[in-house]
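All figures in this text were calculated on a predicted structure; none of them were measured in a lab. Worth knowing before you read on, the calculation uses all heavy atoms, side chains too, and leaves out hydrogens, waters and symmetry mates. Chain letters run A, B, ... following the sequence lines, proteins first and then strands; every chain starts at 1.
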Protein chains: 2
Amino acid sequence: MTLDEARNRFIQSWGTLATQWGINRTMAQIHALLMISPEPIDTDAIMETLQISRGNANMNLRDLLDWGLIYKQLKLGERREFFYAEKDVWKIARQVAKERRRREITPVIEVLEELKVIDTDSPEAREFQKVITDISKVVGFADNTLNAVIKAEENWLMSQFLKVFR
Amino acid sequence: MTLDEARNRFIQSWGTLATQWGINRTMAQIHALLMISPEPIDTDAIMETLQISRGNANMNLRDLLDWGLIYKQLKLGERREFFYAEKDVWKIARQVAKERRRREITPVIEVLEELKVIDTDSPEAREFQKVITDISKVVGFADNTLNAVIKAEENWLMSQFLKVFR
DNA sequence: ATAAACTTTCATTTTTTATTGAAAATTCAA
DNA sequence: TTGAATTTTCAATAAAAAATGAAAGTTTAT
């Protein structure tokens with residue numbers, strides 16, 4: 001397998017994985033491409049490599065910037081913007097955990113808290129409350145896990161974590 | 001807020017969360033409905049409550065059965081099938097972790113292993129290999145985490161885990 | 001101020017995914 | 001067996017999401 005083949009293979013796989021996690025394929029592919037690019041690259045290079053339109057490239061680049069997964073680089077005497085990916089994969093994991101927590105987990109926790117305060121007159125209501133409370137625990141666990149990842153500045157903390165389960 | 005309002009609120013929220021995680025809305029709504037139903041319910045009740053077609057209900061019920069998140073119950077003297085959800089939320093988490101690991105993480109690990117064996121003649125190839133190796137570590141971490149959840153038969157193990165990060 | 005280089009926006013089109021509903025298949029009681 | 005009750009399938013349709021590309025907007029050098 002040549003280097004180029006390997007690169008394409010990786011970009012494709014990463015894109016496929018992403019769609020299963022509710023992230024759009026192109027965004028993941030651009031991210032993959034930038035992760036394996038030694039040098040920052042510009043919009044046209046991305047368009048050409050991935051065979052996508054300018055608008056599409058731009059939109060997804062903007063999203064990746066929002067997520068803090070890639071950065072712009074300005075070259076002296078160049079008008080174009082070049083992009084490069086965060087290369088520290090632990091930082092990527094933290095960034096993603098942080099965003100997903102904010103966008104997804106936090107709102108659900110809020111709804112669950114609201115639902116806990118219904119009147120528990122009937123047995124049915126009590127049953128409902130029990131289910132909600134149980135779910136809260138699992139969501140809380142997920143939330144704690146994400147927080148742990150977010151706050152894990154050091155790798156050793158991660159390895160500590162892994163030890164617990166071995 | 002009445003019990004019915006709370007129920008609807010929960011079903012809706014759970015559906016919204018699911019779409020962000022690459023799970024279809026209806027499947028999550030059916031699951032939510034069954035989780036908060038004290039009694040097993042039949043296809044018609046699901047169709048009516050969620051305002052969906054028979055085909056749609058059937059398809060998503062089958063998927064939920066595949067995932068091991070719900071069960072069939074046969075009532076004596078009744079032809080219809082009634083469905084009920086797994087009520088142990090830790091078991092749900094384990095089930096989901098197991099399925100996602102099998103369907104998503106394992107294939108990616110395989111691809112990454114393949115990509116590690118390219119020839120490292122050029123500096124470019126070595127750089128590529130480094131990125132792939134780093135990504136493998138993170139994916140491996142995710143895989144270990146899922147495994148930990150899968151194998152956590154006891155709740156205290158989870159609480160041990162949580163302690164590490166507090 | 002102008003224009004070239006480049007980026008962003010967004011109405012339209014394409015693609016993908018989910019849903020419908022009616023027909024076919026299955027199950028079971030009589 | 002027949003047929004009524006119920007489940008499953010699947011081609012057609014609808015809805016949602018992503019992508020296009022051309023036009024509008026910005027920035028910078030001159």
Side-chain angles (χ1 to χ4, degrees), chain A residues 11-12 14-34 40-67 69-84 100 103-104, chain B residues 11-12 14-34 40-67 69-84 100 103-104:
Chain A
I11 291 169
Q12 285 312 120
W14 208 244
T16 305
L17 179 68
T19 54
Q20 289 169 323
W21 283 88
I23 292 155
N24 90 47
R25 213 181 71 251
T26 307
M27 183 166 147
Q29 287 183 339
I30 294 177
H31 186 230
L33 174 59
L34 291 177
I41 57 182
D42 70 1
T43 304
D44 287 76
I46 291 164
M47 286 164 59
E48 201 177 324
T49 309
L50 302 180
Q51 291 292 304
I52 57 172
S53 72
R54 186 170 300 283
N56 193 11
N58 182 267
M59 210 188 87
N60 285 295
L61 283 168
R62 192 153 43 69
D63 283 351
L64 285 166
L65 289 167
D66 281 352
W67 277 70
L69 297 178
I70 66 171
Y71 308 104
K72 281 183 186 179
Q73 174 158 97
L74 300 169
K75 285 195 188 177
L76 273 169
E78 277 275 20
R79 194 73 146 286
R80 280 168 301 166
E81 292 173 330
F82 289 77
F83 301 91
Y84 63 100
R100 296 205 82 135
R103 298 183 190 195
E104 296 157 23
Chain B
I11 291 169
Q12 287 311 120
W14 208 244
T16 305
L17 179 69
T19 54
Q20 289 169 322
W21 284 88
I23 294 154
N24 91 46
R25 213 181 70 251
T26 306
M27 183 167 149
Q29 286 182 341
I30 293 176
H31 186 228
L33 174 58
L34 291 176
I41 57 182
D42 70 1
T43 304
D44 287 76
I46 291 164
M47 286 165 59
E48 201 176 323
T49 309
L50 302 181
Q51 291 292 305
I52 58 172
S53 72
R54 186 172 300 283
N56 194 10
N58 183 267
M59 209 188 89
N60 287 111
L61 282 167
R62 194 154 42 68
D63 283 352
L64 285 166
L65 288 167
D66 281 352
W67 277 70
L69 296 178
I70 66 171
Y71 308 104
K72 282 184 186 179
Q73 172 156 99
L74 300 169
K75 285 195 186 175
L76 274 169
E78 276 275 20
R79 195 71 147 289
R80 281 169 301 167
E81 292 174 329
F82 289 76
F83 301 90
Y84 64 100
R100 296 204 83 136
R103 297 183 191 196
E104 295 157 22

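Judged by distance alone with a 3.5 Å cut-off, no donor-acceptor contact links the side chain of Arg80(B) to the base of dT7(D).
For Arg62(B) and dT9(D), the shortest distance from a side-chain N or O to OP1 or OP2 is below 4.0 Å. A sub-4.0 Å separation between OP1 or OP2 of dT19(C) and a side-chain N or O of Thr26(B) is present.
At distances below 3.5 Å, at least one donor-acceptor pair connects side-chain atoms of Gln51(B) with backbone N or O atoms of Glu48(B).
When rounded to the nearest whole Å, the span between CE of Met59(A) and P of dG21(D) equals 15 Å. The CE-C1' distance, from Met47(B) to dT19(C), rounds to 12 Å in whole Å. The distance between atom CD1 of Ile52(B) and atom P of dG21(C), rounded to the nearest whole Å, is 12 Å. As a whole-Å value, the separation of Lys75(A) NZ from dA5(C) C1' is 16 Å. Here dT15(C) presents its C1' atom at 13 Å from CG of Asn24(A), a figure rounded to the nearest Å. Computed from coordinates, the Glu81(B) CD to dC28(C) C1' distance equals 13 Å when rounded to whole Å. Rounded to a whole Å, the CD atom of Gln51(B) is 15 Å from the P atom of dA15(D). The interatomic distance linking Asp63(B) (CG) with dT17(C) (P) rounds to 14 Å, in whole Å.
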>> Using side-chain contact (heavy atoms from CB on, under 4.5 Å), reason through Thr43(A) and Asn58(A) one step at a time and then give a plain yes or no.
In response: CA-CA 7 Å; Thr43(A) 304; Asn58(A) 182 267; 5.6 Å; no
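Candidate nucleotides dT20(D), dT20(C), dT8(D) were compared by shortest atom distance to the side chain of Ser53(B), and dT20(C) ranks first. The nucleotide whose nearest atom lies closest to any side-chain atom of Asn60(B) is, among dT19(C), dT8(C), dT20(C), dT19(C). In this structure, of dT20(D), dA4(D), dT8(C), it is dA4(D) that holds the atom nearest to the side chain of Arg79(B).
Among the heavy atoms of the strands lying under 4.0 Å from Asn56(B) is at least one base atom, whether or not backbone atoms are also near. In this structure, Asn58(B) reaches the bases: a heavy-atom distance under 4.0 Å links it to at least one base atom across the strands shown.
Toward the 5′ end of DNA chain C lies the nearest nucleotide of Lys72(A), the other residue of the pair Lys72(A) and Thr19(A) mapping further downstream.
In this structure, Lys72(A) is not positioned above the aromatic face of Phe83(A) in the sense of NZ or CZ being under 6.0 Å from the six-membered ring centre and within 45° of the axis. Taking the ring axis of Trp21(A) as reference, the NZ or CZ atom of Arg100(B) stays within 45° of it and closer than 6.0 Å to the ring centre.
Here Asp44(A) pairs with Arg54(A) in a salt bridge; the nearest charged N to carboxylate O distance falls below 4.0 Å.
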